[in-house]
Amino acid sequence: MKIFSQTIIRWYNKNKRDLPWRHTTDPYKIWLSEIILQQTRVQQGMPYYETFAKKFPTVHHLANAKEDAVMKTWQGLGYYSRARNLHHTAKFISKELKGKFPNEYEAIKNLKGIGEYTAAAIASFAFNKPYAVVDGNVFRVLSRYFGIHSPIDSTGGKKEFTRRAQQLLDKKYPGVFNQAIMEFGALQCVPHNPDCGKCPLKKGCEALAKNKIAELPVKSQKTKVSIRYFNYFIIKKNGKTLIKKRTENDIWKNLYDFPMVETKREMKKPPLNPLLQRGLVGFNSSPSGSLGSTFKHVLSHQIIFAKFWEVVGLNSNLKKPIQRAHKKIIYVSDNQLYKFAFPRLIQRYFEEKGA
DNA sequence: AAGCCGGGGTG
DNA sequence: CACCCAGGCTT
């Protein structure tokens with residue numbers, strides 16, 4: 001299928017965007033950009049790439065940073081395991097590999113946070129090795145052009161698309177071809193109402209001929225959304241606020257929020273008893289909480305109804321054993337809060353409070 | 001193989 | 001509102 005590859009590359013040379021990571025062959029910078037761009041639009045990831053590249057110009061800078069600092073820089077981008085794995089792999093490359101980025105596909109793919117797509121991207125962009133990328137753009141372009149109805153979220157479907165992409169790959173210029181097919185999917189063969197009239201591949205496009213552009217690609221499973229109710233407690237003492245690191249395996253791992261009680265239903269009054277039973281802070285006379293703010297926070301797979309209760313009447317001394325056991329519960333001065341990484345929901349609370 | 005993990009843009 | 005985005009890890 002030489003026509004396909006040539007047409008894609010010709011289109012790319014004429015229509016490509018000027019993106020910062022296309023000006024380098026430094027595998028560190030390419031890796032950085034690819035992790036940031038996983039499940040993330042170019043426009044959303046761009047400012048984060050610029051910040052990371054400036055703040056951590058080499059893998060050693062990133063490796064020597066505190067994880068909290070990496071998380072803070074990642075704050076707001078989502079899928080925070082990417083940031084944790086990024087930091088883990090930076091330390092591995094810096095210390096175990098003495099800063100030398102692996103240049104073989106298998107070695108690249110064995111790094112934490114790097115799967116088939118990212119390994120192929122780095123191998124082809126940084127080392128010009130012939131591995132075809134298969135991302136959301138490639139699924140869409142190939143499914144339409146070749147009329148492939150295999151579900152893209154099935155194991156068999158993924159293998160089929162990977163095989164097709166690998167066949168089409170221009171083995172002399174794998175990096176350019178990979179960039180080209182993704183850019184084509186992002187700008188021309190877009191998910192909704194593509195302008196097929198000006199498509200350079202309209203002649204051989206199976207989906208266009210059979211009027212199936214809108215049904216392709218096929219996805220089999222629908223994401224089911226769960227509803228959760230978070231009751232946050234704002235506990236202050238001497239101008240400091242109690243915050244807590246989320247270390248459990250749940251959303252926002254290793255980010256910070258407030259002491260919290262999750263309930264099955266919406267609460268009209270603050271569920272203070274579970275908080276006190278937890279023994280986080282001492283019990284004074286008659287603690288009470290008044291409703292500060294409420295938010296509906298929407299994630300792709302969860303809808304969180306959050307209430308922020310401002311608590312008074314607690315003896316807000318941290319109990320010693322808890323304080324020692326995990327330093328994840330801490331009092332922080334209001335003017336130091338900006339140093340911690342918070343999920344967007346908590347940021348929204350701060351914004352409403354005018355902080 | 002299925003479930004989990006964010007936040008924002010778009011029609 | 002539903003769907004998608006330069007996906008990967010865990011179970």
Side-chain angles (χ1 to χ4, degrees), chain A residues 16-17 19-22 30-49 71 74-86 88-89 108-122 124-125 131-141 151-159 161-162 165 175 177-187 189-194 214-226 228 246 248-255 295 297-304 341-348:
Chain A
K16 65 181 170 187
R17 292 167 289 184
L19 303 177
W21 44 86
R22 286 184 180 155
I30 290 170
W31 167 56
L32 189 56
S33 73
E34 291 302 335
I35 302 301
I36 288 173
L37 292 173
Q38 285 170 4
Q39 290 293 284
T40 304
R41 289 168 197 279
V42 165
Q43 287 310 319
Q44 187 187 4
M46 186 104 73
Y48 284 85
Y49 173 80
M71 301 309 289
W74 198 273
Q75 171 180 276
L77 194 55
Y79 283 159
Y80 296 93
S81 68
R82 291 184 293 170
R84 299 193 303 270
N85 290 335
L86 185 77
H88 176 275
T89 294
I108 296 171
K109 191 182 165 314
N110 282 337
L111 299 171
K112 195 163 290 184
I114 296 184
E116 283 189 25
Y117 161 77
T118 305
I122 296 172
S124 63
F125 301 154
Y131 294 88
V133 295
V134 182
D135 74 331
N137 293 304
V138 175
F139 279 129
R140 189 166 55 253
V141 172
I152 62 174
D153 51 356
S154 69
T155 305
K158 280 174 193 159
K159 290 184 75 171
F161 281 97
T162 301
F177 174 83
N178 281 338
Q179 291 277 358
I181 189 169
M182 288 195 286
E183 190 81 334
F184 185 79
L187 299 183
C189 196
V190 294
H192 205 68
N193 289 335
E215 341 177 345
L216 292 171
V218 173
K219 227 178 198 171
S220 54
Q221 49 204 54
K222 49 275 178 206
T223 55
K224 82 172 237 257
V225 178
S226 61
R228 303 175 73 175
R246 297 178 58 88
E248 58 277 5
N249 279 328
D250 194 358
I251 55 172
W252 304 328
K253 184 175 180 181
N254 289 10
L255 272 68
F295 292 99
H297 190 73
V298 180
L299 306 179
S300 48
H301 51 291
Q302 295 184 20
I303 298 177
I304 297 164
F342 297 102
R344 285 290 292 133
L345 171 62
I346 305 299
Q347 288 182 258
R348 285 209 281 155

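Letters A, B, ... are given to chains in the order of the sequence lines, protein chains preceding strands, and every chain is numbered from 1.
Taking the side chain as every heavy atom from C-beta outward, A:Leu255 and A:Met71 approach each other to under 4.5 Å. With a 4.5 Å cut-off on side-chain heavy atoms, A:Lys158 and A:Glu116 do not count as touching. A:Leu345 is listed as a side-chain neighbour of A:Phe295, based on a closest heavy-atom distance under 4.5 Å. A 4.5 Å side-chain heavy-atom check between A:Gln38 and A:Ile35 finds at least one atom pair inside the cut-off. With a 4.5 Å cut-off on side-chain heavy atoms, A:Pro20 and A:Met46 count as touching.
In this structure, A:His301 and A:Arg344 both approach DNA chain B, and ranking their closest nucleotides by distance from the 5' end singles out A:His301. Residue whose closest nucleotide on DNA chain B sits further toward the 5' end, between A:Arg84 and A:Asp153: A:Asp153.
Side chain to side chain, A:Tyr117 and A:Glu34 meet the donor-acceptor criterion of an N or O pair below 3.5 Å.
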Going 5' to 3' along nucleotides 6-11 of chain C, which nucleotides have protein heavy atoms under 4.0 Å from the base (write B), which only from the sugar-phosphate (write S), and which from neither (write -)? BBSS--
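For the P atom pair drawn from C:dT11 and B:dG6, the interatomic distance equals 15 Å after rounding to whole Å. Taking atom P on both nucleotides, C:dA6 is separated from B:dC5 by 23 Å, rounded to a whole Å.
Rounded to an integer number of Å, the gap from A:Arg228 CZ to B:dG6 C1' is 13 Å. When rounded to the nearest whole Å, the span between CG of A:Leu345 and P of B:dG7 equals 8 Å. Look at NE2 on A:His192: it is 13 Å from C1' on C:dC1, rounded to the nearest Å. Atom CG of A:Leu299 and atom P of B:dG8 are 10 Å apart (whole Å). Atom pair A:Arg348:CZ and B:dG6:C1' shows a separation of 12 Å (rounding to whole Å applied). Nucleotide C:dC5 holds its C1' atom 11 Å from the CG atom of A:Leu77, rounded to whole Å. Rounded to a whole Å, the CD atom of A:Gln43 is 15 Å from the P atom of C:dC5. Between A:Leu187 atom CG and C:dC5 atom C1' there is a gap of 13 Å when expressed in whole angstrom units.
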Using the side chain to side chain contact (heavy atoms under 4.5 Å, CB included) rule, take A:Thr89 and A:Trp31 through it: C-alpha gap first, then chi angles, then the decisive distance, then the call. CA-CA 10 Å; A:Thr89 294; A:Trp31 167 56; 3.6 Å; yes
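Residue A:Trp74 has no polar side-chain atom (N or O) positioned under 4.0 Å from OP1 or OP2 of B:dG6.
Residue A:Asn178 is out of contact with every strand shown, counting any heavy-atom pair closer than 4.0 Å.
Across B:dA2, B:dG7, B:dC5, the shortest atom-to-atom separation from the side chain of A:Gln221 is found for B:dA2.
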